[in-house]
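Okay, structure first, notes after.
Order of listing sets the numbers, starting from 1, for every ligand and every atom in it. We use all heavy atoms of the structure for the numbers below, so side chains are in, but hydrogens, waters and symmetry mates are not.
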Amino acid sequence: MLLNIDGHRIYYDMVGPDSAPIVCFTHSLSSDGGMWQEQVPILLGAGFRVLRLDMRGHGGSDPVAGDYTMAILAGDVVKALDALGIDTVHYIGLSIGGMIGQALLQDHGQRLRSAMLCDTLPGTPPGSEATWDERKTAVRQANGLATIADGTIDRWFTPAFKDRNPARWRQIRDTIIGTTPQGFLGCAAAIQSFNFEDRLHTIKVPTLVVCGDQDPGTPPDRNRLIAEKIPGGRYEEIKNARHLPNVEHPEVFNPVMVSWLRQNR
Ligand SMILES: O=C(O)CCC(=O)CC(=O)O
């Protein structure tokens with residue numbers, strides 16, 4: 001389904017009973033709401049309603065040209081909630097979804113009942129400018145993400161997972177390649193220019209931070225720091241997982257998620 005937000009269409013998917021508390025998911029850079037498919041049936045079974053939003057230029061959402069900021073991307077989430085008539089949600093975001101989550105926690109905290117931030121960062125890591133410039137150049141030159149897809153998959157999944165579930169990682173690789181260059185470049189610019197570290201202590205919403213123990217791009221120490229700086233923040237690590245622990249080890253991730261949501265229901 002599509003929502004018109006300021007003239008561009010945002011794709012969303014909402015399932016579950018009208019009266020149930022809503023869990024709102026946002027995804028990582030160059031993925032889409034499909035990265036949460038291992039979580040949806042579990043949440044429906046636990047009595048929640050599930051909303052998945054595709055970021056601009058990702059999945060089924062229209063690309064918008066130019067550089068984005070975390071505030072702009074958080075604004076898309078708030079406008080989508082407004083358009084759907086939703087007051088508050090339990091928020092779960094991974095990677096850039098977790099960065100958008102920090103923007104929401106700081107500037108729109110009244111819309112969140114709880115937050116789960118996964119495999120994310122509190123700010124642009126020092127020294128990462130060149131890495132992001134290289135990825136952006138590769139995407140611009142190829143006018144697409146095909147040339148960065150294999151490197152991305154290797155940061156996202158362990159070799160053991162790739163052996164165990166080739167159909168799933170290939171599906172996610174195809175989603176990476178299907179991401180629009182504008183969506184990737186706009187979001188990459190947002191990742192290159194944000195810093196929430198100094199304001200994390202102002203957050204008042206219950207927050208859990210989760211990270212794969214082998215995540216190379218958004219590593220455990222950066223995630224633990226976010227939990228330490230948020231008053232009452234909690235931290236959990238998923239063993240033997242890289243950047244997408246919800247896909248790599250749903251049998252560990254899902255009980256952590258459901259237990260967290262039940263505590264804050
Ligand atoms: O995946 C994201 O949303 C941004 C952070 C990132 O690039 C991590 C990675 O791909 O290793």
Side-chain angles (χ1 to χ4, degrees), residues 25-36 52-59 61 63 67-70 72-74 76-77 91-104 115-139 145-159 161-162 169 172-197 209-223 225-226 238 241-248:
F25 283 108
T26 61
H27 54 80
S28 63
L29 177 66
S30 71
S31 179
D32 69 11
M35 65 158 275
W36 297 109
R52 291 182 288 177
L53 298 171
D54 286 355
M55 284 190 302
R56 44 173 78 192
H58 289 67
S61 293
D67 290 351
Y68 314 155
T69 63
M70 294 304 164
I72 289 173
L73 295 167
D76 284 347
V77 175
Y91 180 88
I92 302 182
L94 186 141
S95 204
I96 191 171
M99 301 168 200
I100 295 167
Q102 292 169 75
L104 290 167
M116 190 168 161
L117 310 175
C118 311
D119 298 75
T120 190
L121 294 168
T124 315
S128 67
E129 278 293 308
T131 305
W132 282 105
D133 284 344
E134 277 166 30
R135 289 179 197 165
K136 285 164 69 180
T137 300
V139 168
L145 277 74
T147 55
I148 66 164
D150 286 331
T152 303
I153 283 291
D154 286 345
R155 291 194 307 278
W156 286 11
F157 298 115
T158 62
F161 177 77
K162 290 178 71 179
W169 72 257
I172 290 174
R173 185 177 180 279
D174 287 344
T175 305
I176 294 169
I177 293 171
T179 303
T180 68
Q182 295 99 318
F184 177 87
L185 294 168
C187 288
I191 293 171
Q192 282 183 300
S193 62
F194 83 107
N195 184 2
F196 293 136
E197 211 171 313
V209 184
V210 174
C211 188
D213 67 340
Q214 296 173 30
D215 187 335
T218 58
D221 62 325
R222 305 301 292 159
N223 284 274
L225 178 95
I226 296 171
I238 310 290
R242 290 191 180 169
H243 193 50
L244 265 58
N246 63 306
V247 176
E248 182 145 12

*So which heavy atom on A190 is nearest to which on L73, and how close?*
CB-CD1, 4.2 Å

*Please confirm whether W169 and F157 have ring centers closer than 6.0 angstrom.*
no

_Where D215 and G217 come nearest, the two heavy atoms and their spacing_ = OD1-N, 3.0 Å

_salt bridge (charged side-chain N to carboxylate O under 4.0 Å, His left out) for R52 and D32? Distances and angles first, verdict last._
CA-CA 9 Å; R52 291 182 288 177; D32 69 11; over 6 Å; no

*asked:* Just to confirm my output: which protein heavy-atom neighbour is closest to atom 9 (C) of ligand 1, and how far is it?
replied: R155 NE, 3.4 Å

*Hey, does F184 sit under 4.0 Å from ligand 1 if you only count heavy atoms?*
no

_Protein contact of atom 8 (C) of ligand 1 - nearest heavy atom, named by residue and atom, plus distance_ = H243 NE2, 3.5 Å

*Contacting atoms of ligand 1, where contact means under 4.0 angstrom from a heavy atom of R135*: 7 (O)

*Those atoms of ligand 1 less than 4.0 Å from some heavy atom in I96*: 2 (C), 3 (O)

*Considering heavy atoms of the protein only, find what lies nearest to atom 7 (O) of ligand 1 and give residue, atom and distance to 0.1 Å.*
W132 CH2, 3.1 Å

*Indicate yes or no: does E129 engage K136 in a salt bridge with an N to O separation below 4.0 Å.*
no

*Give a yes/no verdict on a cation-pi contact between R56 and Y68, requiring under 6.0 Å between NZ or CZ and the six-membered ring centre and an angle within 45° of the axis.*
yes

*asked:* Could you check whether Q192 and D133, counting side-chain N and O atoms only, form a donor-acceptor pair closer than 3.5 Å?
replied: yes

_For I191, the ligand 1 atoms whose distance to one of its heavy atoms is below 4.0 Å_ = 4 (C)

*asked:* With the threshold set at under 4.0 angstrom, would you say H27 reaches ligand 1 through any of its heavy atoms?
replied: no

*Among S28, G97, S95, which one has a heavy atom closest to atom 6 (C) of ligand 1?*
S95

*asked:* Within the 4.0 Å heavy-atom shell around L29, which atoms of ligand 1 are there?
replied: 1 (O), 2 (C), 3 (O), 4 (C)

*State plainly whether the residues D154 and R242 are in salt-bridge range, i.e. N to O under 4.0 Å.*
no

*Considering only heavy atoms, does D215 approach ligand 1 within less than 4.0 Å through its side chain, its backbone, both, or neither?*
neither

